[in-house]
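Contents: one structure, followed by commentary.
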Amino acid sequence: VQLQASGGGLVQAGGSLRLSCATSGRTFSSYAVGWFRQAPGKEREFVASIDGSGTTIVYATSVKGRFTISRDNAKNTVYLQLNSLKPDDTAVYHCAASGIFSRDAVKYDFWGQGTEVTVSS
């Protein structure tokens with residue numbers, strides 16, 4: 001499974017962005033997809049995950065109510081809508097795929113390159 005994240009950019013606090021994670025492979029719907037982020041000088045942290053059917057979703061407490069994860073299996077794409085952005089959301093955002101629905105990064109076997117999100121105050 002190959003993943004390609006896009007949609008990052010520079011936005012003011014309170015603004016919105018939509019990140020996309022496009023994948024290849026006919027078995028895309030078999031994989032859970034997670035979003036993780038890493039800010040400069042900080043450890044990678046879990047953001048959100050969605051199971052293969054799109055019916056089970058989990059968010060990190062820090063983004064719950066502001067971010068929305070969704071997927072379109074017909075388009076082999078997972079989305080992360082980022083609303084009410086804060087400077088603390090500044091990070092490189094990575095998407096990853098796993099055969100197991102999890103918030104644990106070590107369970108994810110396939111990773112895409114990141115897309116950078118910068119939120120100015």
Q) Is there a donor-acceptor pair under 3.5 Å between the side chain of S62 and the backbone N or O of A60? A) no
Q: Please examine the side chains of L17 and Q81, heavy atoms only from C-beta on, and report whether any two atoms are closer than 4.5 Å.
A: no
Q. Can the ring centres of Y59 and F46 be said to be less than 6.0 Å apart?
A. no
Q: Quick one: closest heavy-atom pair of A13 and P87, and the distance?
A: CB-CD, 4.1 Å
Q. If you measure from OG1 on T23 to CZ on R71, what distance do you get to the nearest 0.5 Å?
A. 7.5 Å
**Q.** Interatomic spacing from OG in S53 to CZ in F101 - rounded to 0.5 Å
**A.** 9.5 Å
Q | Ring-face cation of R18 near W35 (centre distance under 6.0 Å, axis angle within 45°) | A | no
Q) Taking C-beta and beyond as the side chain, do V78 and I50 meet within less than 4.5 Å on heavy atoms? A) yes
Q) When clusters are formed by joining ILVMFWY residues with side-chain heavy atoms under 4.5 Å apart, either directly or through shared neighbours, do I57 and Y93 land in the same one? A) yes
Q: Kindly assign one of parallel, tilted or perpendicular to the pair Y108 and F36, based on the angle between their ring planes and the thresholds 30° and 60°.
A: perpendicular
Q: Quick one: pull up CZ in R66 and NZ in K86 and give me the separation to the nearest 0.5 Å.
A: 4.5 Å
Q.
Would you compute the distance between atom OG of S49 and atom CD1 of I69 and round it to the nearest 0.5 angstrom?
A. 6.0 Å
Q | Member of L10, L19, T90 meeting the side-chain contact (heavy atoms from CB on, under 4.5 Å) criterion with V117 | A | L19
Q) What do you reckon, is CD of Q113 surrounded by more than 12 foreign heavy atoms closer than 6.0 Å? A) yes
Q | S84 side, atom OG; D89 side, atom CG - distance, nearest 0.5 Å | A | 9.5 Å
Q.
Let me confirm one number: the CZ-CG distance from F67 to L85, rounded to the nearest 0.5 Å.
A. 5.0 Å
Q. Is there a donor-acceptor pair under 3.5 Å between the side chain of N73 and the backbone N or O of S29?
A. no
(Q) On a heavy-atom basis, which atom in V1 and which in A97 lie closest, and how many Å separate them? (A) CG1-CB, 4.4 Å
Q: Please name the pair of heavy atoms, one in V33 and one in F28, separated by the smallest distance, quoted to 0.1 Å.
A: CG2-CE1, 3.9 Å
Q. Is the side chain of D104 donor-acceptor paired with the backbone N or O of K107 at a distance under 3.5 Å, no angle test?
A. no
Q: May I ask whether L80 and L3 are part of the same hydrophobic cluster, defined by side-chain heavy atoms of I, L, V, M, F, W, Y residues being less than 4.5 angstrom apart, directly or through others?
A: no
Q) Can you find a side-chain donor-acceptor pair between D109 and S98 that sits under 3.5 Å? A) no
